[in-house]
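Small disclaimer: the values here were computed from a predicted structure and weren't measured.
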Amino acid sequence: MKRVIVGLSGGVDSSVAAYLLKEQGYEVIGLFMKNWHDDSVTISDECPWLDDSNDAMLVADKLGIPFQTVDLSEQYKERIVDYMFDEYQKGRTPNPDVLCNREIKFDVFMKIALDLGADYVATGHYCRKGILQKDGKDVYQLLAGVDPNKDQSYFLCQLSQDQLAKALFPIGELTKPEVRKIAAQQNLITADKKDSQGLCFIGKVRLPEFLQQKLQPKEGVIVEIPSQQDIYLQTEPEFSSEEDQLAYMSRKIEYHITDGKVVGKHQGAHYFTKGQRKGLAVGGTVEPLFVIETDVEENVIYTGQGKGHPGLLKKALFVSNDEVHWIREDLKLTLDQTMEVKARIRYRQPLQNATLHQVDSGLYVVFEEFQSAITEGQFVAWYLNDELVGSGVIS
């Protein structure tokens, strides 16, 4: 009998995952990961870990499976929290959920599970695993979940073949309503529990306060750049090569305070991210202001009016070689190769038509349509049909 360790989070998805595995005849053990101690930045009644671990325990009890809690807060602090602070300080916007899966659930947690004699680790993610035979070897596929509203393959975009080999996603074939229905039929305490929002495992965190623990507030100015600014009206230069053109399309525009007018003040450029609308506290504009760029060196936030502001829109992005990750290593591009894909630059974004271009220094992703707020530090993931084949950190 194969042994599976389920990461029971105290939510409905992982509860039903555990139930289904038991039905399928696996020996199931529930493990709750404790990753956070600091309640000072959590919004207290929004899912503190204590309630969650309690719910996880009650579910395990109901299913008649062994249960224990593992404390991973040290590794979590080191690999996720410190990394986040570091990225924000550099003016990039990290994605803790993607990292949490790569570094914690499918690395630290998986190692603990394998030490406990597990054959597999299972989670309540809405995605599926496929297996192909290639040159007599098993090749694992990460496929989108069946529920288009809940597909979570994006969050697993950094997994490796080794990690996928040992992973199971029992609810990937189901929709959220079906999962809730099973939980209700089985009288699981989590059946009607709200989906957790906020950082993976921390609960609902007030991000500015969370960041303020490490990053000191410092006052700076908010500058509004008009959409008719000369920088946007330049004609495209002549390019000597396709690579020059790609570099131009994905370039970061350098703004200066003199390019616009000062419209307000902020408490630290590193608290803001591209495309952000909330928290600027500047009124009196015809259309709402969006952050189009942050300059953490000079501590200036550049903004523009409206979603269609040219400072928000780009058709291409770059991922440097050391941050390109292929789940399907067998499909990896070689120099000057291209690939037609569907891609997304954030969770829940509908898939976009794009072309990958492999150059010497990395990979360009060129979209058919303009994309809004392509943000450094976030992940771009690319798909062939419903299979996520690779991803990278936007440079």
dist Ser227:OG -> Leu312:CG (nearest 0.5 Å) comes out at 11.0 Å
Distance-only polar pair, side chains of Thr190 and Ser15, donor-acceptor under 3.5 Å:
yes
Hey, are Asn149 and Lys176 close enough side-chain-wise for a donor-acceptor pair under 3.5 Å? no
Taking every heavy atom of Pro94 against every heavy atom of Tyr88, the minimum-distance pair comes out as CD-CE1, 3.6 Å
Side chain to side chain contact (heavy atoms under 4.5 Å, CB included) with Val282: of Thr303, Val263, Ile301, only one passes, and it is Val263
Sorted by chain and number, sequence neighbours left out, side chain to side chain donor-acceptor pair (under 3.5 Å) with Glu242 holds for none
Result for side chain to side chain contact (heavy atoms under 4.5 Å, CB included) between Val341 and one of Leu351, Thr355, Leu384 points to Leu384
Using modelled atom types and a 3.5 Å cut-off, is there a donor and acceptor pairing between side-chain atoms of Gln276 and backbone atoms of Thr273? yes
Margin query: Checking the side chain of Asn101 only, and the main-chain atoms of Phe155 only, is there a donor and an acceptor separated by less than 3.5 Å?
Written below: yes
One should read off an interatomic distance between Leu31 CG and Ile5 CD1, to the nearest 0.5 angstrom, of 5.5 Å
(message) So for atom CG, which belongs to Asp322, do other residues, nucleotides or ligands contribute more than 12 heavy atoms lying within a distance under 6.0 Å?
(response) yes
If we ignore hydrogens and angles and just use 3.5 Å, is the side chain of Thr294 paired with the main-chain N or O of Val296 as donor and acceptor? no
For residues 386-395, the salt bridge (Lys or Arg N to Asp or Glu O under 4.0 Å) pairs (sequence neighbours left out) are Arg128-Asp386, Arg328-Glu387
(message) Closer than 4.0 angstrom, basic N to acidic O: yes or no for Lys111 and Asp107?
(response) yes
Test item: Asn299 side-chain N/O and Lys218 main-chain N/O as donor-acceptor pair under 3.5 Å | yes
Check your understanding: Between Tyr76 (side chain) and Cys100 (backbone), is there a donor-acceptor pair under 3.5 Å?
Key -> no
Open item on the list: For Phe169, does the six-membered ring have the charged nitrogen or CZ of Lys129 within the cation-pi criterion, i.e. under 6.0 angstrom from the centroid and within 45° of the normal?
Closed with: no
> Is it true that a side-chain atom of Ser395 and a backbone atom of Phe318 form a donor plus acceptor pair closer than 3.5 Å?
Replying inline: yes
Original post:
Strictly by modelled atom types, are Thr175 and Tyr126 linked by a side-chain donor-acceptor pair under 3.5 Å?
Top reply: no
Scanning both residues in full, the closest heavy-atom pair of Ala191 with Ala184 reads CB-N, 3.7 Å
task: Carefully, step by step, assess Phe67 and Ile29 under the rule side-chain contact (heavy atoms from CB on, under 4.5 Å).
output: CA-CA 6 Å; Phe67 173 78; Ile29 297 173; over 6 Å; no
TODO: Examine distances only and state if a side-chain atom of Gln349 and a backbone atom of Ile345 form a donor-acceptor pair shorter than 3.5 Å.
DONE: yes
Side chain to side chain contact (heavy atoms under 4.5 Å, CB included) test vs Tyr120 passes for just one of Leu21, Val6, Leu168, namely Leu168
From the list Asp195, Asp192, Asp147, salt bridge (Lys or Arg N to Asp or Glu O under 4.0 Å) partner of Arg180 resolves to Asp195
Please check this pair: side chain of Glu87 against backbone of Met84, looking for a donor-acceptor N/O pair closer than 3.5 Å. no
Taking every heavy atom of Val393 against every heavy atom of Arg92, the minimum-distance pair comes out as CG1-NH2, 3.3 Å
Correct closest heavy-atom pair for Leu280 and Leu289 would be CD1-O, 3.6 Å
Pairwise side-chain contact, Lys265 with Glu219, heavy-atom cut-off 4.5 Å (strictly under): yes
Has Lys314 got a side-chain atom pairing as donor or acceptor with Arg251's backbone, closer than 3.5 angstrom?
yes
Side-chain contact test, heavy atoms from C-beta onward, threshold under 4.5 Å: evaluate it for Leu156 versus Phe106 and give yes or no. yes
Those residues at least two apart in sequence (or on a different chain) that pass side chain to side chain contact (heavy atoms under 4.5 Å, CB included) with Gln358 are Asn321, Leu333, Leu363
### Message
Assess, by modelled atom type and distance only, whether the side chains of Gln158 and Ser391 contain a donor and an acceptor separated by less than 3.5 Å.
### Response
yes
Closest non-hydrogen contact found for Arg344 with Ser153 is NH1-OG, 4.4 Å
For residues Gln337 and Thr334, is any side-chain donor paired with an opposing acceptor at under 3.5 Å? yes
The reported gap from CZ in Phe367 to CG in Asn353 (rounded to nearest 0.5 angstrom) is 10.0 Å
Side-chain donor-acceptor contact under 3.5 Å, Ser73 with Asp71
yes
What one should report as the nearest heavy-atom pair of His125 and Ile171 is O-CG1, 3.6 Å
Rounded to the nearest 0.5 angstrom, the OG1-CG distance for Thr123 and Leu8 is 11.0 Å
message = If we ignore hydrogens and angles and just use 3.5 Å, is the side chain of Tyr302 paired with the main-chain N or O of Gly311 as donor and acceptor?
response = no
query = Should Lys274 and Glu293 count as an ion pair when the cut-off is N to O under 4.0 Å?
reply = yes
Considering only heavy atoms from C-beta outward, does the side chain of Met110 approach that of Lys105 to under 4.5 Å? no
Does either side chain, that of Gln352 or that of Glu369, offer a donor lying less than 3.5 Å from an acceptor on the other one? no
Legend entry - Presence of salt bridge, Lys193 and Asp52, under 4.0 angstrom: yes
*Strictly by modelled atom types, are His256 and Thr258 linked by a side-chain donor-acceptor pair under 3.5 Å?*
no
